[in-house]
2 protein chains.
Amino acid sequence: MSKKEEIILEACRALQEGGVNGFSFRDLADTVGVKSSSVHYYFKNKNDLFIAVLEAFTEEFTQNLQSILDESSSLQDVIDGIIDQFIEIAQEQKFCVCGMLAIDQKHLSEEMISRVNETFCALRKWLSEVIAQYPQEKFSNEELSSIFISALEGALMMDRLSKTTESLESLRSFMHRLV
Amino acid sequence: MSKKEEIILEACRALQEGGVNGFSFRDLADTVGVKSSSVHYYFKNKNDLFIAVLEAFTEEFTQNLQSILDESSSLQDVIDGIIDQFIEIAQEQKFCVCGMLAIDQKHLSEEMISRVNETFCALRKWLSEVIAQYPQEKFSNEELSSIFISALEGALMMDRLSKTTESLESLRSFMHRLV
DNA sequence: GTCTATAACCTGATAGAC
DNA sequence: GTCTATCAGGTTATAGAC
């Protein structure tokens, strides 16, 4: 792994744990084992760094979703796979990358805000298309997708805080009975 | 309003907009029209300040919930009232006080984390008791309460980002058909 | 209670040597 | 590419005058 990739990976972890203002270039450099000026060599400021983090995260997250889809034979399997992944994030005391950036939007550029928003939209679209593959009639695909993602983010936030899996498990059983 | 109350109110607003690390004692003092040392006179550090903010917010939020309940004649009315309140927060480019503190938990004391967690638990309990007053059979009160609060927090996060009310309105119509 | 002044430190960012 | 050195500015926090 290149130094640049190492920095991106570590920045991603730090972002998920402490938010946009929760770490400095120095912290980041120390963990990776370089000096802060070396981090500046790759990323001229935090905004550029977060653009790289978001891109790397989106790619990895998309791959994970595809793996879940490949291994699933029902909509409930997909839901389980996604919830398992969120439980893992909560237990690592992390939060969603997009969620962190969304919460800390006040400290980000307009371009960055648009990118995060687009990532959420893409996720909603992906999920509603997956739901469409497993027909059910009670609710529209878009609506189910939207509610599921909203609840995932909120449940992750609260389970990380309470150090339990209550909210995410509650969401799991709820979704199971719904679809 | 006393200077202390002014500081708490302004700290609450700053927290909801920019998070725990999104403002300084100086920013706060400037807005209120005093010097930062005067803020330190009332609150020896940010943690103490947030304890006061959480207490003030909880009291106000509880009153708002009670008002919603008093003016409601159905569970759908209660849901509408709560969602309207969250839409207002999103449109002001704010986030939930407890949500912000939960996200930024890494920078808070253990005592503070416990208090935020207790506030979420109290909200879940309150809501499940309200739901119990309007009997319905599909889901348990606790489960509905948990999912609704999770989805509220997540939808608020995304609607604040997208500057729309899509997720919260989606949640509204979803809940209407559910209860 | 509110102020000035200041200590001690952290921050992003850059210039220039190697 | 990575470093040392450094800057200008922001941060919490406190001592002491009024």
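Atoms considered below: every heavy atom in the structure, side chains included; atoms not considered: hydrogens, waters and symmetry mates. Each chain gets a letter, A, B and so on, in the order the sequences are listed, and its residues count up from 1.
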(request) List the steps and the verdict of side chain to side chain contact (heavy atoms under 4.5 Å, CB included) for B:Met112 and B:Ile51. (result) CA-CA 7 Å; B:Met112 195 64 215; B:Ile51 287 177; 3.4 Å; yes

(request) Mind checking side-chain hydrogen bond (donor to acceptor under 3.5 Å, both in side chains) for B:Asn64 and listing every partner two or more places apart, or none if nothing turns up? (result) none

(request) Would you please name every residue forming a ring-ring contact (aromatic ring centres under 6.0 Å, His included) with A:Phe61, sequence neighbours left out? (result) A:Phe57

Would you give me the side-chain donor-acceptor pairs under 3.5 Å for residues 83-90 of chain A, sequence neighbours excluded?
| from | atom 1 | to | atom 2 | distance (Å) |
| --- | --- | --- | --- | --- |
| A:Asp84 | OD1 | A:Arg172 | NH1 | 3.3 |
| A:Asp84 | OD1 | A:Arg172 | NH2 | 2.8 |

(message) I'd like to know if the side chain of B:Ser145 and the backbone of B:Arg124 have a donor-acceptor N/O pair within less than 3.5 Å.
(response) yes

(request) Output all residues satisfying side-chain hydrogen bond (donor to acceptor under 3.5 Å, both in side chains) with B:Asn47, sequence neighbours left out; order by chain, then residue number. (result) B:Ser109

(message) Applying side-chain hydrogen bond (donor to acceptor under 3.5 Å, both in side chains), can you list everything that pairs with B:Glu6, at least two apart in sequence or on another chain?
(response) none

(request) Classify the side-chain pair B:Asp70/B:Gln66 by whether it contains a donor and acceptor separated by less than 3.5 Å. (result) yes

(request) Over 60° means perpendicular and under 30° means parallel, so classify the ring planes of B:His40 and B:Phe25, tilted if in between. (result) parallel

(message) According to side chain to side chain donor-acceptor pair (under 3.5 Å), does anything in residues 111-120 of chain B pair up with another residue at least two apart or in another chain? List the pairs.
(response) B:Glu55-B:Arg115, B:Glu111-B:Arg115

(message) Among residues 38-47 of chain A, which ones have heavy-atom contacts with DNA chain C below 4.0 Å?
(response) A:His40, A:Lys44, A:Asn45, A:Lys46

(request) Using Watson-Crick or G-U wobble pairs with both distances under 3.5 Å, give me DNA chain D in dot-bracket, 5' to 3', with [ ] for crossers and | for pairs to another strand. (result) ||||||||||||||||||

(request) Would you give the length of the straight line joining atom CD of A:Glu169 to atom OG of B:Ser146, rounded to the nearest 0.5 angstrom? (result) 11.0 Å

(request) For DNA chain C, determine which residues of residues 18-32 of chain B have any heavy atom closer than 4.0 angstrom to one of its atoms, and list them numerically. (result) none

(message) With heavy atoms of chain A within less than 4.0 Å as the criterion, where does contact along DNA chain C begin and end?
(response) C:dT11 to C:dT14

Using distance only, find each side-chain donor-acceptor pair of residues 14-21 of chain A under 3.5 Å and give its atom names and separation, not counting sequence neighbours.
| from | atom 1 | to | atom 2 | distance (Å) |
| --- | --- | --- | --- | --- |
| A:Gln16 | NE2 | A:Phe95 | O | 2.9 |
| A:Glu17 | OE1 | A:Arg13 | NH1 | 2.8 |
| A:Glu17 | OE2 | A:Arg13 | NH1 | 3.0 |
| A:Asn21 | ND2 | A:His107 | NE2 | 3.4 |

(message) Determine whether A:Val97 and A:Leu101 satisfy the following criterion, side chain to side chain contact (heavy atoms under 4.5 Å, CB included), listing intermediate values before the conclusion.
(response) CA-CA 6 Å; A:Val97 167; A:Leu101 294 170; 4.0 Å; yes

(message) For a side chain to side chain contact (heavy atoms under 4.5 Å, CB included) check, start with the C-alpha distance between B:Lys3 and B:Ser38, then their side-chain angles and the critical distance, and finish with the verdict.
(response) CA-CA 10 Å; B:Lys3 217 83 225 180; B:Ser38 296; over 6 Å; no

(message) Under 4.0 Å, heavy atom to any atom of DNA chain D: which of residues 7-15 of chain A qualify?
(response) none

(request) Would you check, one step at a time, whether the test side chain to side chain contact (heavy atoms under 4.5 Å, CB included) holds for B:Leu178 with A:Phe174? (result) CA-CA 12 Å; B:Leu178 210 64; A:Phe174 180 80; 3.4 Å; yes

